[in-house]
**Student:** 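Dropping the structure in here first, questions after.
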Amino acid sequence: MIKFFRKIRQNLLMENKTGKYFKYAIGEIVLVVIGILIALSINNWNQNSTRNKLELEALINLKEDFDFNLSELRRIDSVNTRNIKSCLIILNHTGKRYREDFIVEKYLSDAAGSPDYAAKNGFLNDLVSSGNLGLIKNNTLRNLLSSWPTLLDELTLRELASEKSDFALIDFIMKNGSWLKVDEVIGFNNSLNIKLPKSGFDIDNKQMLKLPEFENRIEIQIIFFNIVKDRYKECMDLNKEIIQLLDSEIKAKK
């Protein structure tokens, strides 16, 4: 093709058709420019197509992770709610409300059992660490994804405070009650099929219900559980918003 154009230019010059030569040269330049623009357009289209495929893959992977996160949040929140209810039942039997037939062992494990939330963030972490979060074109979605780790950090701090309160209650029961009697009532779950013996001490866990410190510690547990519960709700609200946007973006790109 280049030899063909060169031959035309040579013929025009040899025939002293300078005007036609310049017109031809201009036309040739225009054709070259058009060719470059077409090549750039094709290249851009290929790049956009590749980017769109990568974005769709990212959206699908994120959707899978956040579906799991929401499901796990709901499960953990239900455990936390159960713990609060168990603590309230205990409080309804302390001091003057003491009843001999109340089986406190049924609720002690819940009262000292703060749940631990573990989010599935592998793909989001990879996007952030590799600098590829920009693959997500939706600004609102990208901002929400960026705020998710910060909210999880705040939740972790609340969970750690709640667990610290758990240890204080556990320590109190170890000094004033019997965990063996708790396991005897609720059953000791283990993977090694260990059968625990009955307590060798004549300790009645119900006697803790008459102690003001025990009542105070149970109340503190409710406060910590409730603080964590508020954080669970914030996480679930953000998670639902992210999933809604992910669904919308995936649907638009398929």
Side-chain angles (χ1 to χ4, degrees), residues 68-120 151-236 239:
F68 171 86
N69 289 341
L70 182 57
S71 175
E72 186 66 7
L73 272 170
R74 286 171 173 160
R75 185 188 70 80
I76 289 291
D77 183 56
S78 68
V79 172
N80 194 60
T81 299
R82 183 192 68 202
N83 292 349
I84 292 174
K85 289 180 178 177
S86 292
C87 287
L88 287 171
I89 291 172
I90 292 173
L91 286 184
N92 282 322
H93 291 84
T94 56
K96 295 178 180 180
R97 295 179 295 274
Y98 176 86
R99 282 172 44 185
E100 190 64 35
D101 61 345
F102 176 61
I103 305 175
V104 69
E105 286 86 0
K106 288 183 179 180
Y107 310 100
L108 287 177
S109 184
D110 289 347
S114 295
D116 240 350
Y117 177 61
K120 186 179 178 182
L151 187 57
L152 285 182
D153 288 342
E154 293 175 2
L155 171 60
T156 299
L157 290 176
R158 300 302 183 276
E159 287 184 332
L160 288 173
S162 186
E163 287 175 6
K164 186 177 180 181
S165 182
D166 285 349
F167 294 140
L169 177 59
I170 291 170
D171 185 58
F172 178 86
I173 296 173
M174 287 174 65
K175 292 176 180 176
N176 298 278
S178 170
W179 278 110
L180 269 176
K181 288 197 173 183
V182 173
D183 292 328
E184 181 184 341
V185 171
I186 66 174
F188 178 63
N189 296 322
N190 66 93
S191 59
L192 300 177
N193 295 318
I194 298 173
K195 183 174 177 57
L196 294 176
K198 291 184 178 182
S199 175
F201 296 90
D202 188 17
I203 299 174
D204 187 353
N205 284 327
K206 286 195 291 291
Q207 297 306 309
M208 291 188 294
L209 296 167
K210 299 177 181 179
L211 302 176
E213 183 180 350
F214 179 69
E215 182 183 71
N216 290 332
R217 289 194 178 279
I218 295 298
E219 182 200 9
I220 289 173
Q221 288 298 97
I222 293 176
I223 292 172
F224 276 111
F225 288 150
N226 197 58
I227 290 173
V228 173
K229 188 173 183 62
D230 289 340
R231 284 291 180 267
Y232 287 150
K233 184 179 184 306
E234 290 178 9
C235 288
M236 281 191 281
N239 206 308

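Each residue takes its place number in the sequence, starting with 1.
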**Student:** Of all heavy-atom pairs between Arg217 and Ala168, which one has the smallest distance, and what is that distance?
**Tutor:**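 Where Arg217 meets Ala168 most closely, the heavy atoms are NH1-CB, 3.4 Å.
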
**Student:** Side-chain contact, heavy-atom cut-off 4.5 Å: Val79 with Phe225?
**Tutor:**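 No, too far: nothing below the 4.5 Å cut-off.
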
**Student:** If we only count heavy atoms from C-beta on, is the Val185 to Val104 side-chain gap below 4.5 Å?
**Tutor:**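 No; the side chains remain at least 4.5 Å from each other.
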
**Student:** I'd like to check Leu91 versus Ile222 (side-chain heavy atoms, cut-off strictly below 4.5 Å). Are they in contact?
**Tutor:**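 Yes, their side chains come closer than 4.5 Å.
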
**Student:** Does Glu234 come within less than 4.0 Å of Arg231, counting only side-chain N to carboxylate O?
**Tutor:**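 Salt bridge between Glu234 and Arg231, a charged N being under 4.0 Å from a carboxylate O: yes.
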
**Student:** Using a strict cut-off of less than 4.0 Å between a Lys/Arg side-chain nitrogen and an Asp/Glu carboxylate oxygen, indicate whether Arg158 and Glu154 qualify as a salt bridge.
**Tutor:**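 Here Arg158 does not pair with Glu154 in a salt bridge, since their nearest N and O are not under 4.0 Å apart.
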
**Student:** Just verifying a value: how many Å separate Tyr117 OH and Asp77 CG, rounded to the nearest 0.5 Å?
**Tutor:**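 Reported value, rounded in 0.5 Å steps: 11.5 Å.
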
**Student:** Please evaluate residues Glu159 and Asp116 with respect to the criterion side-chain contact (heavy atoms from CB on, under 4.5 Å), reporting the C-alpha separation (whole Å), side-chain torsions for both, the decisive distance (0.1 Å), and the verdict.
**Tutor:** CA-CA 7 Å; Glu159 287 184 332; Asp116 240 350; 3.4 Å; yes

**Student:** Ile220 and Ser165: which non-hydrogen atoms are nearest, and at how many Å?
**Tutor:**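 In terms of heavy atoms, the two residues are closest at CG2-OG, 3.5 Å.
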
**Student:** Specify the closest pair of heavy atoms between Leu209 and His93, including all atoms of both residues, with the distance to one decimal.
**Tutor:**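 Distance-wise, the nearest heavy atoms are CB-O, 3.6 Å.
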
**Student:** Any non-hydrogen side-chain atom of Leu169 less than 4.5 Å from a side-chain atom of Ile218?
**Tutor:**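 Counting from C-beta outward, Leu169 and Ile218 do come under 4.5 Å.
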
**Student:** Atom CG of Leu211 and atom CG of Asn216: how far apart are they, to the nearest 0.5 Å?
**Tutor:**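 So the CG of Leu211 and the CG of Asn216 are separated by 10.5 Å.
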
**Student:** What distance separates Tyr232 OH from Glu72 CD, expressed to the nearest 0.5 Å?
**Tutor:**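 It comes to 9.5 Å.
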
**Student:** Between Phe102 and Asn92, is there a side-chain heavy-atom distance shorter than 4.5 Å?
**Tutor:**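 The answer is no, as the side chains (C-beta and beyond) never meet within the 4.5 Å cut-off.
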
**Student:** Which residues satisfy the side chain to side chain donor-acceptor pair (under 3.5 Å) test with Asp202, sequence neighbours excluded?
**Tutor:**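 By the side chain to side chain donor-acceptor pair (under 3.5 Å) rule, Asp202 matches no residue at all.
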
**Student:** For Ser199 and Leu180, which heavy atoms make the closest approach, and how far apart are they?
**Tutor:**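 Here Ser199 and Leu180 meet closest at CA-CD1, 3.8 Å.
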
**Student:** Please check: side-chain N/O of Gln221 versus main-chain N/O of Ala111, any donor-acceptor pairing under 3.5 Å?
**Tutor:**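 Here the side-chain-to-backbone pair exists.
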
**Student:** Could you state the interatomic distance from OG (Ser109) to CG (Asn83), rounded to the nearest 0.5 Å?
**Tutor:**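 Taking OG in Ser109 and CG in Asn83, the distance rounds to 8.5 Å.
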
**Student:** Decide yes or no for Lys181 and Lys206: does some side-chain heavy atom of the first lie under 4.5 Å from some side-chain heavy atom of the second?
**Tutor:**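 With C-beta onward as the side chain, the pair stays apart.
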
**Student:** Under a plain distance cut-off of 3.5 Å, with no hydrogens placed, do Glu100 and Tyr98 share a side-chain donor-acceptor pair?
**Tutor:**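 A donor-acceptor contact under 3.5 Å links the two side chains.
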
**Student:** May I ask you to check whether over 12 heavy atoms, not counting those of Lys106, lie within 6.0 Å of atom NZ?
**Tutor:**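 No, not enclosed.
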
**Student:** What distance separates Ile223 CD1 from Glu219 CD, expressed to the nearest 0.5 Å?
**Tutor:**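 The CD atom of Glu219 is 4.5 Å from CD1 of Ile223, to the nearest 0.5 Å.
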
**Student:** Is any side-chain heavy atom of Met208 closer than 4.5 Å to one of Leu108?
**Tutor:**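 Yes. Closest side-chain heavy atoms under 4.5 Å.
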
**Student:** Can you give me the closest heavy-atom contact between Ser86 and Asp110, atom names plus distance?
**Tutor:**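 Closest heavy-atom pair between Ser86 and Asp110: OG-OD2, 2.9 Å.
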
**Student:** Roughly how far, to the nearest 0.5 Å, is the CG atom of Asp230 from the CG atom of Leu155?
**Tutor:**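 Result: 11.0 Å between the selected atoms.
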
**Student:** Mark yes or no for whether Asn205, through its side chain, and Ser178, through its backbone, hold a donor-acceptor pair below 3.5 Å.
**Tutor:**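 A pair under 3.5 Å: yes.
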
**Student:** For a 4.5 angstrom cut-off between non-hydrogen side-chain atoms, does Ser114 reach Phe224?
**Tutor:**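 No, their side chains stay 4.5 Å or more apart.
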
